[in-house]
Student: 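Mind having a look at this structure? Questions to follow.
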Amino acid sequence: RGQQVKKVVVIGGGITGLTAAYYLQKEIKKNNLPIQLTLVEGSHRMGGKIQTLIKDGYVIERGPDSFVPRKAGPINLAKEIGIDDMLVSSTWGKSFVIAGGELYPMPGGSIIGIPTQIAPFITTNLFSITGKMRAAADFILPRSAVADDQSLGRFFRRRMGDEVVDNLIEPLLTGIYAGDIDQMSLMSTFPELHQIEQKHRSLIAGIKKAAAQTAGEQKNGRFMTFTKGLQTLVDGVEEALEPGTVQKGMKVSRINKEEERGYTIEFTNGKVLDADSVVITTPHHCLQSMFPSCSFMDYLKEMPATSVATVAMGFDQSAIKKNIDGNEFIVSRNSDYSITACTWTHKKWPHSAPDGKMLIRVYLGKSGDETIVDLSDDQIEQIVLEDLEKIVNLEGRPEFTVVTRYKDSMPQYTVGHKKRTKTLYRNLEERLPGVFIAGSSYEGLGIPECIEQGEKVVEKTLKYMKD
Ligand code: FAD
């Protein structure tokens, strides 16, 4: 059995699958392992949700625009493939929140909407006096008795009150997850907040302490990307893979477990591959459809994923007469707006627009309000312009508008997600040995979390192949 070549097929060429394939190949080469690796991608391009469009001197991100460098995965991967000299950090700029239709500066020192400095919280007009007093109850309220999981809404509303949640915490979280905070799992999104509450009782005091410990770590702005966009990372990893590893236009329809050992993978184009081990990094709905007779995966059909869209608009700088003095704003649900967030991209990322031009990027779509994503490009452009005109004085049309729809793209980690995922892993191990899963549907949506899962799944796969 020793020298017989074994086959590993990684399915999905998003950042998770690319990371898994890269580190798997690195180990295969380093240890001269008798493993043949193939990365199959259903579409004709790599990157999945990551899509950068370079156009007339603009660097336009259709999907994610950056990552938070709190975890080392993205930077390590960039170093591995020699593109770390192209990394850039976002510039600092003011952020705003639109609540009840009014624009307010984001209170200084708030972390996920929780105040860590008292003065900006007391002086902001974003909350009424009653709202502020209710939030101060956090100092005296007992710890939550829920040891298991609870919704983010329940957790935050209990500690901080509805007003701080609805005007600040909810829009901030919507900006990240496009979810419904009253359904979303605390333990799958911010387990550390539960720990802080259990340890310090007060969230405000605990977060303040934690923030003081990490102060100075993020001097270079909060986010990072590459001068030619996130696609640089995708292209870099693809190029670093051995020729022949990547097969595009290979959409998996079904995976069958063979009696002896291993799997056959059927593709919609009629091709078939066999594999000793399969690493599946597609969204969860796709995973379930590959194993239609595995009832333990049935629940994945019901696991929600929100549809969102991004709209990028290029303007000449003369087109905006009255502007906001900041980089971005988010919108609370209690405001009569269709957009959920907006970034003055040319300010946050000076490399993203030519001199004298502005690049504005807007997000649309959130849990419970997704139909907007299905409107036509023209309708979407009109709605976005109407919303923008409520806060800035626009004279003239955008020079271009790029609308990108992401249908069912933001997996929702609802209450109990962690437990269900654990059970899914256990079932896979018992019933489909050698099949591993990773990616944004399971242990984090952010690019760093996807990269981390890509790294972790390599360890599991190699261990299985050695056993
Ligand atoms: P995907 O990127 O979805 O890749 C899965 C791949 O599998 C795709 O290429 C798909 O074509 C392929 N596939 C599917 N089915 C099959 C099949 N049957 N056979 C073969 N291949 C198949 N994260 C951040 O960190 N920062 C951000 O700023 C940020 N902004 C975001 C903005 C938007 C609009 C969206 C949608 C997401 C954003 N995210 C952000 C989240 C992050 O982009 C994603 O969670 C991450 O890119 C997902 O990577 P993935 O590889 O797990 O999945």
Side-chain angles (χ1 to χ4, degrees), residues 9-21 38-52 61-71 73-74 90 175-178 222-225 229-231 233-234 237-238 246-255 265-269 271 273 278-291 305-312 328 340-341 343 345 348-349 361-366 373 403-413 437-454 457:
V9 175
V10 176
I11 302 173
I15 194 62
T16 310
L18 283 163
T19 304
T38 308
L39 169 59
V40 295
E41 163 55 42
S43 72
H44 291 277
R45 59 168 292 279
M46 304 301 277
K49 278 153 199 149
I50 299 176
Q51 287 189 71
T52 311
E61 294 290 4
R62 287 173 169 271
D65 86 329
S66 55
F67 56 87
V68 185
R70 219 170 12 233
K71 290 186 174 155
S90 58
I176 309 173
Y177 297 103
R222 292 173 299 163
F223 304 99
M224 290 185 97
T225 184
L230 288 170
Q231 189 75 36
L233 186 61
V234 170
V237 177
E238 186 182 356
V246 173
Q247 295 189 19
K248 295 179 204 171
M250 293 279 279
K251 188 168 183 216
V252 176
S253 51
R254 252 189 106 105
I255 302 180
I265 305 169
E266 295 173 12
F267 294 87
T268 52
N269 59 12
K271 292 189 182 161
L273 287 180
V278 192
V279 176
I280 305 169
T281 69
T282 65
H284 57 278
H285 297 129
C286 310
L287 166 71
Q288 188 279 329
S289 69
M290 292 172 199
F291 297 96
T306 309
S307 296
V308 295
T310 64
V311 183
E328 56 206 342
T340 58
T343 307
T345 307
K348 185 175 174 187
W349 304 108
R361 222 172 70 106
V362 162
Y363 281 88
L364 294 164
K366 59 193 168 207
V373 174
V403 178
T404 310
R405 294 172 185 75
Y406 284 92
K407 294 284 284 180
D408 304 327
S409 65
M410 302 291 268
Q412 296 298 306
Y413 299 173
I437 56 170
S440 54
S441 291
Y442 313 105
E443 293 185 54
L445 264 70
I447 291 168
E449 287 74 23
C450 289
I451 290 179
E452 195 172 45
Q453 291 179 71
V457 84

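Each ligand, and each atom within it, is numbered from 1 in the order the structure gives. In this chain, residues are counted from 1 in sequence order.
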Student: Numbering the atoms of ligand 1 from 1, which are under 4.0 Å from a heavy atom of C286?
Tutor: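 Going through ligand 1 atom by atom, the ones under 4.0 Å from C286 are 14 (C), 15 (N).
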
Student: Considering all heavy atoms of both residues, which atom of A20 and which atom of V457 are nearest to each other, and what is their separation?
Tutor: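 That would be CB-CG1, 3.8 Å.
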
Student: In terms of residue, atom name and distance, what is the protein heavy atom nearest to atom 41 (C) of ligand 1?
Tutor: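 Answer for atom 41 (C) of ligand 1: L445 O, 3.3 Å.
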
Student: Considering only the protein, which heavy-atom contact is closest to atom 9 (O) of ligand 1, and what is its distance?
Tutor: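 Here the nearest protein heavy atom works out to E41 OE1, 2.7 Å.
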
Student: Under 4.0 Å from any heavy atom of M410, which atoms of ligand 1 are there?
Tutor: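 The list of qualifying atoms is 35 (C), 36 (C), 37 (C).
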
Student: With a heavy-atom distance limit of 4.0 Å, tell me whether P64 approaches ligand 1 through its side chain, its backbone, both, or neither.
Tutor: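 Both parts.
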
Student: Short list, please: which atoms of ligand 1 are under 4.0 Å from a heavy atom of G42?
Tutor: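 Ligand 1 atoms under the 4.0 Å threshold to G42: 20 (C), 21 (N), 22 (C).
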
Student: Looking at K248, I want to see if its NZ is surrounded by more than 12 non-hydrogen atoms of other residues, nucleotides or ligands under 6.0 Å.
Tutor: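 Atom NZ in K248 is packed in, count exceeds 12.
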
Student: Which ligand 1 atoms are under 4.0 Å away from a heavy-atom of G12?
Tutor: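 Heavy-atom distances to G12 below 4.0 Å select 6 (C), 7 (O), 12 (C).
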
Student: Would you mind finding which of G17, G439, S440, A20 brings a heavy atom closest to atom 53 (O) of ligand 1?
Tutor: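 Selected option, by shortest heavy-atom distance: S440.
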
Student: What about R62: any of its N or O atoms under 3.5 Å from an N or O on ligand 1?
Tutor: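 No; every N/O pair is 3.5 Å or more apart.
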
Student: Taking Q412 for the side chain and M410 for the main chain, is one N or O donor matched with an acceptor at less than 3.5 Å?
Tutor: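 It does hold such a pair.
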
Student: Does M250 have a non-hydrogen atom less than 4.0 Å from ligand 1?
Tutor: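 Heavy atoms of M250 do come under 4.0 Å of ligand 1.
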
Student: What atoms of ligand 1 come within less than 4.0 Å of a heavy atom belonging to S409?
Tutor: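 Per the distance check, 36 (C).
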
Student: List every atom of ligand 1 that sits less than 4.0 Å from any heavy atom of G48, numbering the atoms from 1 in the order shown and giving each element.
Tutor: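 The list of qualifying atoms is 2 (O), 4 (O), 8 (C), 9 (O).
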
Student: Sub-3.5 Å donor-acceptor pair from the side chain of Y363 to the main-chain atoms of G175, do we have one?
Tutor: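 Absent.
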
Student: Heavy-atom contacts under 4.0 Å between T404 and ligand 1: side chain, backbone, both, or neither?
Tutor: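 Within the 4.0 Å criterion, T404 makes no contact with ligand 1.
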
Student: Check each of T282, I447, V68 against atom 14 (C) of ligand 1 and report the one with the nearest heavy atom.
Tutor: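 Shortest heavy-atom distance from atom 14 (C) of ligand 1: T282.
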
Student: Which ligand 1 atoms are under 4.0 Å away from a heavy-atom of D65?
Tutor: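 By the 4.0 Å cutoff, the relevant atoms are 28 (O).
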
Student: Under 3.5 Å between some N or O of ligand 1 and some N or O of S43?
Tutor: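 Not met; the criterion fails.
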
Student: May I ask you to check if ligand 1 and V308 share an N or O to N or O distance below 3.5 Å?
Tutor: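 There is no such contact.
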
Student: With sequence neighbours excluded, what pairs up with Y413 under the ring pair (Phe, Tyr, Trp, His ring centres under 6.0 Å) test?
Tutor: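 For Y413, the residues satisfying ring pair (Phe, Tyr, Trp, His ring centres under 6.0 Å) (neighbours in sequence not counted) are H417.
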
Student: What atoms of ligand 1 come within less than 4.0 Å of a heavy atom belonging to S66?
Tutor: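 Listed by number with element, the hits are 24 (C), 25 (O), 26 (N), 27 (C), 28 (O).
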
